[in-house]
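Have a look at the structure below before the remarks.
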Amino acid sequence: MHGFTDTWRTWELVLPALERRHDVLAPTLMGHAGGPPLPDGPLEEALADAVERAMDDAGFATAHVAGNSLGGYLALQLAARGRARSVVALAPGGGWAEDDDSYLETLAQFDTMHELVTRLAPRAEELVSRPEGRRRSAEMMAERWEHIPPELLAHLMRGVAGCTGMHEMNDHARRNGWPLDAERVTCPVRIVWGTADRILAWPRAAERYRALFPHADWVELDGVGHGPQLDVPLEAAELILGFTAP
C-alpha cells in the first residue's frame with residue numbers, strides 16, 4: 001500500500017520482482033487519485049475497511065502486507081485485524097512519540113506541497129523532461145532519481161494534485177492521530193527506515209513504533225529517502241521478499 005497523496009504506481013519498480021514470487025494486489029487507497037472516494041461520514045477506519053474489501057474481492061483472506069508511509073500504518077492496522085501473515089512497513093506514518101507534536105509540521109508540509117504540486121501538475125511532463133526537474137520532483141521521496149522513469153515521476157506529481165481527500169484526511173489526522181491496537185499485531189513485522197527521510201525523519205518519527213514493536217526486525221537504510229521502493233527498488237524488493245519467504 002502506498003503513502004499519503006501517492007498512488008499504487010509508487011511500487012512499479014519493485015512489482016516485477018514481487019510478482020515473480022507472489023500474486024500481488026496493489027490498490028490505490030481511498031481518497032487518492034484513482035481510488036474510491038472518501039465516505040460522507042466519519043473517516044475512522046474507512047481506509048482500512050476499503051483495503052479489506054479490496055482483499056476480499058481479490059480472494060485474499062490474509063496476505064503478506066507491505067506498505068510505505070500511510071500504507072505502512074495501514075499494514076499494521078490490517079495486522080491488528082488478523083488480515084496479515086507478515087508486515088513490511090517502510091517508514092510507516094503515525095510513529096511520533098505521544099508528547100511529540102512535530103507531526104503537525106509534517107501535516108502542514110503536506111498542505112503546502114499539495115498546493116504547490118497542484119499548480120505545477122499541468123506542466124508535469126515539461127518539468128520532468130530536464131534532469132533538474134526530475135531531481136526536484138523526486139527529492140521528497142528518493143535521494144536517487146536518475147533511474148526513475150520521467151513518465152512515472154509525472155504520474156506521481158499528478159497523483160498528488162489528484163488526491164481529492166488530502167485536506168479531509170489531514171484534518172482527521174490532526175484530530176485523531178493514528179490509533180493502533182498494537183497488542184493484536186501477532187504476525188512477524190519488519191520496519192524499514194531511511195536515514196535521509198525528508199518527510200518522516202529517522203529516528204524521531206519512529207519513536208512510538210520502537211516502543212510498541214521492540215522485537216520487530218528493524219532495518220536502517222543509510223542515505224535512503226522516504227520511499228525506498230523508488231529510491232532503492234532492488235533493495236526494497238529484497239527486503240520484502242526476504243521477509244515473506246516460507
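Please read these numbers as outputs of a predicted model, since none were measured by experiment.
Side-chain contact between Leu78 and Glu52: present, with at least one pair of heavy atoms (C-beta onward) separated by less than 4.5 Å. Residues Met55 and Leu25 form a side-chain contact, since some pair of their non-hydrogen atoms from C-beta on lies under 4.5 Å apart. Between Leu230 and Asn68 there is no side-chain heavy-atom pair separated by less than 4.5 Å. The side-chain heavy atoms of Glu45 and Arg81, taken from C-beta on, include a pair separated by under 4.5 Å. The shortest distance between side-chain heavy atoms of Pro228 and Glu235 does not fall below 4.5 Å. Inter-residue side-chain proximity for Trp8 and His32 is flagged as unmet; no heavy-atom pair is nearer than 4.5 Å. Side-chain contact between His155 and Glu12 is absent, with no heavy atoms from C-beta onward closer than 4.5 Å. Between Cys163 and Met169 there is a side-chain heavy-atom pair separated by less than 4.5 Å.
Within the 3.5 Å criterion, the main-chain N or O of Met166 finds no donor-acceptor partner in the side chain of Asn170. Within the 3.5 Å criterion, the main-chain N or O of Gly223 finds a donor-acceptor partner in the side chain of Thr195. Using a distance-only test at 3.5 Å, with no hydrogens or angles considered, no donor-acceptor pair links the side chain of Trp193 to the main chain of Ala205. The closest donor-acceptor contact from the side chain of Thr10 to the backbone of Thr7 lies at 3.5 Å or more, if one exists at all. A donor-acceptor contact shorter than 3.5 Å links the side chain of Arg83 to the backbone of Phe60. The main-chain N or O of Pro179 is found under 3.5 Å from a side-chain atom of Tyr73 such that the two form a donor-acceptor pair.
Counting non-hydrogen atoms of neighbouring residues, nucleotides and ligands closer than 6.0 angstrom, the CZ atom of Arg136 reaches no more than 12 such neighbours. The neighbour count for Glu98 CD, taken as heavy atoms of other residues, nucleotides or ligands under 6.0 Å away, does not exceed 12. The environment of Asp57 atom CG is dense: over 12 non-hydrogen atoms of other residues, nucleotides or ligands sit within 6.0 angstrom.
Met141 and Leu239 fall into different hydrophobic clusters, where Ile, Leu, Val, Met, Phe, Trp and Tyr are joined by side-chain heavy atoms under 4.5 Å apart, directly or via other members. In the hydrophobic cluster analysis, where Ile, Leu, Val, Met, Phe, Trp and Tyr join through side-chain heavy atoms closer than 4.5 angstrom, Val51 is grouped together with Leu76. When the side chains of ILVMFWY residues are joined at heavy-atom separations under 4.5 Å, either directly or via intervening members, Val232 and Ile199 end up in two distinct hydrophobic clusters. Both Leu212 and Leu74 are part of a single hydrophobic cluster, where members link through side-chain heavy atoms under 4.5 Å apart. Both Leu200 and Ile191 are assigned to one and the same hydrophobic cluster, defined by single-linkage of ILVMFWY side chains at heavy-atom distances under 4.5 Å.
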Stepwise side-chain contact (heavy atoms from CB on, under 4.5 Å) check, Glu151 with Arg9: CA-CA 11 Å; Glu151 186 276 331; Arg9 287 189 62 191; 2.6 Å; yes
Stepwise side-chain contact (heavy atoms from CB on, under 4.5 Å) test for Arg210 and Trp218: CA-CA 9 Å; Arg210 293 170 82 184; Trp218 283 84; 3.5 Å; yes
Pair Gln77-Leu180, side-chain contact (heavy atoms from CB on, under 4.5 Å): steps then yes or no: CA-CA 6 Å; Gln77 276 199 320; Leu180 177 67; 4.2 Å; yes
Trace of the side-chain contact (heavy atoms from CB on, under 4.5 Å) decision for Met157 with Glu125: CA-CA 10 Å; Met157 287 183 65; Glu125 281 76 11; over 6 Å; no
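Under a 4.0 Å N-O distance rule, the pair Asp197/Arg204 does not qualify as a salt bridge. Comment: Asp171 engages Arg174 in a salt bridge, judged by a side-chain N to carboxylate O separation of less than 4.0 angstrom. Looking at Arg134 and Glu146, no side-chain N of the basic residue comes within less than 4.0 Å of a carboxylate O on the acidic one, giving no salt bridge.
Taking every heavy atom of both residues into account, Leu13 and Pro233 meet most closely at CB-CB, 3.7 Å. Smallest separation of non-hydrogen atoms from Ala75 and Val65: CB-CG1, 3.5 Å. Scanning all heavy atoms of the two residues, the minimum distance from Asp231 to His147 falls at O-CE1, 3.2 Å. What you find for Gly159 and Ala33 is that their closest heavy atoms are O-CB, 3.7 Å. In terms of heavy atoms, Ala17 sits closest to Leu241 at O-CD1, 3.8 Å. Closest approach of Leu107 and Ala173 over heavy atoms only: CD1-CB, 4.0 Å.
Between His167 and His114, the ring planes lie perpendicular to each other; the angle is over 60°, past the 30° to 60° tilted range. Ring geometry for Tyr103 versus Trp178: interplanar angle over 60°, hence perpendicular rather than tilted (30 to 60°).
Taking CZ of Arg123 as the start and OG of Ser129 as the end, the distance is 9.5 Å to the nearest 0.5 Å. Summarising the geometry, atom CG belonging to Leu18 is positioned 8.0 Å from atom OG1 belonging to Thr244; distances are rounded to the nearest 0.5 Å. In this structure, CZ on Phe213 lies 15.5 Å from CZ on Arg190, to the nearest 0.5 angstrom. In this structure, the separation between CH2 on Trp145 and CD on Glu139 is 11.5 Å, given to the nearest 0.5 Å. Interatomic distance, Glu105 CD to Thr112 OG1, rounded to the nearest 0.5 Å: 11.5 Å. In this structure, OG1 on Thr5 lies 9.5 Å from CG on Leu70, to the nearest 0.5 angstrom.
Each of Ile240, Val219, Val224, Asp217 was checked for a side chain to side chain contact (heavy atoms under 4.5 Å, CB included) with Val192, and the lone residue meeting it is Val219. Partner of Ser102 under the side chain to side chain contact (heavy atoms under 4.5 Å, CB included) criterion, out of Leu104, Thr106, Asp100: Asp100 alone.
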